[in-house]
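Below is one structure, written out as structure tokens, with a few remarks after it.
The sequence lines fix the lettering, A, B, ..., with proteins before strands; numbering per chain opens at 1. Computed from a predicted model, the values in this text were never measured in an experiment.
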Amino acid sequence: MRLYDTYTRSVVELPAAPGPIRMYVCGPTVYARAHIGNARPFIVGMWFRSWLRATGYEAELVHNITDINDKIYEAAPGKSAELAVRATEWYLEDTGDFGLGLPDHLPKATESVDAIVHFIEELIASDHAYAIEGDVYFRVASFPEYGRLSRQRPDQVEEQEPNALKEDGRDFALWKANKPETEDTWWDSPWGRGRPGWHIECSAMAEEIYGPAFEIHGGGLDLVFPHHENEVAQSRALGHPFAAIWTHNGMLRFTGEKMSKSLGNVTTMREAIDEWGAETLLVFFLAASWRKPIDYSDDTVAQARARLETLRNAFTLPAAEHDEGRWETFAAALEDDFDTPAALAVLHEWASAGQLELLRRGLEVFGLGGIAVRAEAPPEVVELARRRAEARSARDFESSDRLRDELAALGWVMRDRADGYDLVQEQS
RNA sequence: GGCGCCUUGGCCGAGUGGUUAGGCAGAGGCCUGCAAAGCCUCGUACAGCAGUUCGAAUCUGCUAGGCGCCUCCA
């Protein structure tokens with residue numbers, strides 16, 4: 001299995017099965033309903049895990065919940081903890097609707113403060129961080145490799161979060177002293193009441209679960225700098241190898257621009273799922289390479305929906321003799337940097353060729369196995385269909401067409417065959 | 001300004017040196033009482049310019065356009 005690695009900007013080979021392959025994929029900051037772009041790292045991560053397991057790997061996925069953050073304090077003054085809990089539930093509900101299961105671990109920053117504090121203490125002890133007036137900052141100058149992940153020269157890195165307390169404008173906060181007027185949650189620490197900075201939680205949680213080294217760290221392309229750059233710095237400053245491979249998914253775009261809450265051009269996951277259904281959205285994501293941007297528009301999602309129906313219809317057609325040898329083309333596409341558009345093309349070829357067993361198995365990798373299962377028609381539908389079949393064989397086409405309309409009104413389509421008919425539920 | 005990515009037929013989107021991607025939409029046909037579903041046929045595309053090469057969508061350079069990060073961001 002080969003994957004593109006941001007750190008080396010090249011396609012690298014994964015350790016051979018059974019691995020293990022331990023993945024950490026950055027999750028959401030929980031202050032609002034997540035948008036459909038936020039679904040991409042989750043979906044891609046769950047697909048990776050699914051494929052790795054299907055090919056004999058021991059794969060694990062950590063997906064963190066950032067429930068301590070300025071955005072949360074801003075969005076719910078005085079009630080930030082309640083908002084974080086509610087928004088976490090939304091996120092789990094929305095991502096759960098994709099039918100891909102749960103990550104193996106869903107650590108929360110609020111439940112990892114001990115590990116975070118311990119991590120910061122180690123950084124201070126090794127002179128990679130310093131405490132001042134209740135804040136703690138990472139000393140960027142102490143880590144010569146700073147900037148390597150995002151390909152920036154350390155001396156060109158600009159000031160992060162301007163602040164007069166810092167030794168160096170590039171330094172970033174590991175711990176922030178509590179600001180009682182705006183921050184209604186805090187934790188005690190050796191530096192006083194406060195709360196963790198954003199970047200440290202991922203280093204601490206990843207290492208708390210996996211130890212100092214693991215295989216894959218993923219997230220959106222917009223996290224490369226500063227978030228992931230700071231994570232590597234924190235961990236490697238302590239001599240920990242941290243992630244071996246970095247995977248960054250492309251951004252979802254809306255009318256040509258990145259969909260993001262700060263631009264306000266978002267469709268929430270909830271809205272997207274309600275409008276199109278989870279299966280269509282999965283096909284939508286499948287149709288583009290995980291590293292490339294995708295435009296979210298009615299037109300592109302409608303194309304995905306049409307493809308989904310084509311694949312679904314395959315299961316109403318006669319099956320050909322199973323040909324296990326054809327699995328290889330599908331596998332090869334995914335082994336090659338997880339090329340899902342190429343794999344999707346193979347699914348269509350199987351659909352046309354009547355390789356229904358392969359098609360079902362291939363769909364299952366992506367959480368789409370459900371489309372292989374046809375809905376059972378309720379008794380009144382079965383009865384209408386029987387009557388229409390009768391009318392048809394009596395060549396009473398007027399009644400036949402009327403009954404067909406009645407079925408359509410109930411959401412069912414009759415597909416006549418030479419030797420009978422199929423009853424298929426209309427997909428909306 | 002710094003770093004990086006992208007540009008394929010009406011649309012989405014693989015491919016990365018030489019033989020069909022695949023899909024959506026559209027046209028014609030087959031099938032059907034008519035449909036639906038399916039099947040068959042039809043596009044001969046690779047931003048532009050220059051170069052390397054026997055040969056380039058695929059490599060190199062330049063130009064144009066677009067996007068991302070450099071501040072919170074999946």
Side-chain angles (χ1 to χ4, degrees), chain A residues 6 9 25-29 31 34-45 63 66 69-71 74 147 150-153 155-162 198 218-229 248-253 256-263 266 269 283-284 286-289 291-295 297 299-314 316-318 329 333 336 339-352 354 391-393 395-398 400-401 404-405 407-408 413-418 421-422 424 426:
Chain A
T6 309
R9 309 284 159 124
V25 174
C26 278
T29 299
Y31 66 98
H35 62 76
I36 183 63
N38 293 311
R40 180 120 93 143
F42 171 83
I43 291 172
V44 167
H63 194 51
T66 298
N69 185 281
D70 286 334
K71 295 273 169 120
E74 286 162 21
S150 57
R151 299 275 159 121
Q152 302 197 76
R153 284 172 42 190
D155 58 319
Q156 284 179 339
V157 171
E158 293 184 19
E159 186 166 12
Q160 303 186 42
E161 294 192 77
W198 177 36
L221 196 56
D222 55 354
L223 294 184
V224 176
F225 190 91
H227 188 50
H228 289 165
E229 191 69 69
H248 290 101
N249 60 269
M251 298 292 98
L252 193 70
R253 295 195 302 210
E257 275 187 315
K258 181 174 77 160
M259 185 180 285
S260 79
K261 290 169 199 159
S262 38
L263 290 172
V266 301
M269 259 193 249
V283 174
F284 169 77
L286 222 40
S289 153
R291 292 198 280 125
K292 288 201 171 174
I294 323 182
D295 276 301
S297 69
D299 186 49
T300 52
V301 185
Q303 288 190 22
R305 181 175 59 187
R307 298 187 76 149
L308 174 71
E309 291 320 308
T310 299
L311 293 170
R312 193 196 305 275
N313 283 330
T316 66
L317 272 31
T329 329
D336 180 17
D339 187 348
T340 58
L344 183 57
V346 176
L347 296 182
H348 278 282
E349 281 159 14
W350 289 342
S352 291
R392 250 189 105 226
S393 45
R395 302 192 67 79
D396 175 3
F397 298 125
E398 205 176 309
S400 169
D401 290 349
R404 181 163 59 192
D405 290 343
L407 280 166
V413 180
M414 242 176 125
R415 293 185 187 153
D416 297 333
R417 290 195 319 238
Y421 57 85
D422 286 309
V424 181
E426 192 104 58

Tell me whether the side-chain N or O atoms of A:Glu349 pair up with the base of B:rG22 as donor and acceptor below 3.5 Å, since no angle test is needed here. no
Rounded to whole Å, CG of A:Asp222 lies from P of B:rC70 at a distance of 8 Å
Here the distance between atom C1' of B:rA35 and atom CD of A:Glu426, to the nearest Å, is 13 Å
As its Watson-Crick or G-U partner within any shown strand, both distances under 3.5 Å, B:rA21 has none
Taking a pair to mean Watson-Crick or G-U wobble geometry with both distances below 3.5 Å, B:rC49 pairs with B:rG61
pair_partner(B:rG26), Watson-Crick or wobble, both distances < 3.5 Å, evaluates to B:rC42
A:Leu221 CG to B:rC6 P, in whole Å, measures 11 Å
*For B:rU16 and B:rA56, measure between their C1' atoms and round to the nearest Å.*
10 Å
The reported gap from CE in A:Met414 to CZ in A:Arg392 (rounded to nearest 0.5 angstrom) is 7.5 Å
query = Could one point to a donor on the side chain of A:Asp401 or the base of B:rG33 with an acceptor on the other under 3.5 Å away?
reply = yes
Answer for the Watson-Crick or wobble partner of B:rC3, both distances under 3.5 Å, is B:rG68
Discussion item. Let's test your reading of the model: under 3.5 Å, does the base of B:rC70 pair with the side chain of A:Gln152 as donor and acceptor?
Written reply: no
Requested in this report: Measure distances between side-chain N and O atoms of A:Asp416 and base N and O atoms of B:rA36, and say whether any donor-acceptor pair falls under 3.5 Å.
Outcome: no
Does a nitrogen or oxygen in the side chain of A:Ser352 sit under 4.0 Å from OP1 or OP2 of B:rC39? yes
note: A:Met259, atom CE; B:rC72, atom C1'; distance rounded to Å ~ 18 Å
Whole-Å distance, A:Lys292 NZ to B:rU7 C1', equals 9 Å
Establish whether the base of B:rA35 is bridged to the side chain of A:Arg404 by a donor-acceptor pair shorter than 3.5 Å. yes
Atom CZ of A:Arg417 and atom C1' of B:rA37 are separated, to the nearest Å, by 11 Å
| query | NA contact type, A:Leu263, heavy-atom cut-off 4.0 Å: base, sugar-phosphate, or nothing? | reply | nothing
Atom CD of A:Glu309 and atom P of B:rG22 are separated, to the nearest Å, by 21 Å
### Message
Can you say whether a donor on the side chain of A:Ser289 sits under 3.5 Å from an acceptor on the base of B:rG13, or the other way round?
### Response
no
To the nearest angstrom, the CG-C1' distance between A:Asp295 and B:rC6 comes to 12 Å
Item checked: Expected output: side-chain A:Asn69 to main-chain A:Lys71 donor-acceptor under 3.5 Å -> yes
At under 4.0 Å between heavy atoms, what does A:Arg253 touch on the DNA or RNA strands: base, sugar-phosphate, or nothing?
sugar-phosphate
- Message: At 4.0 Å (heavy atoms only), tell me whether A:Lys258 reaches a base, stays on the sugar-phosphate, or touches nothing.
- Response: base
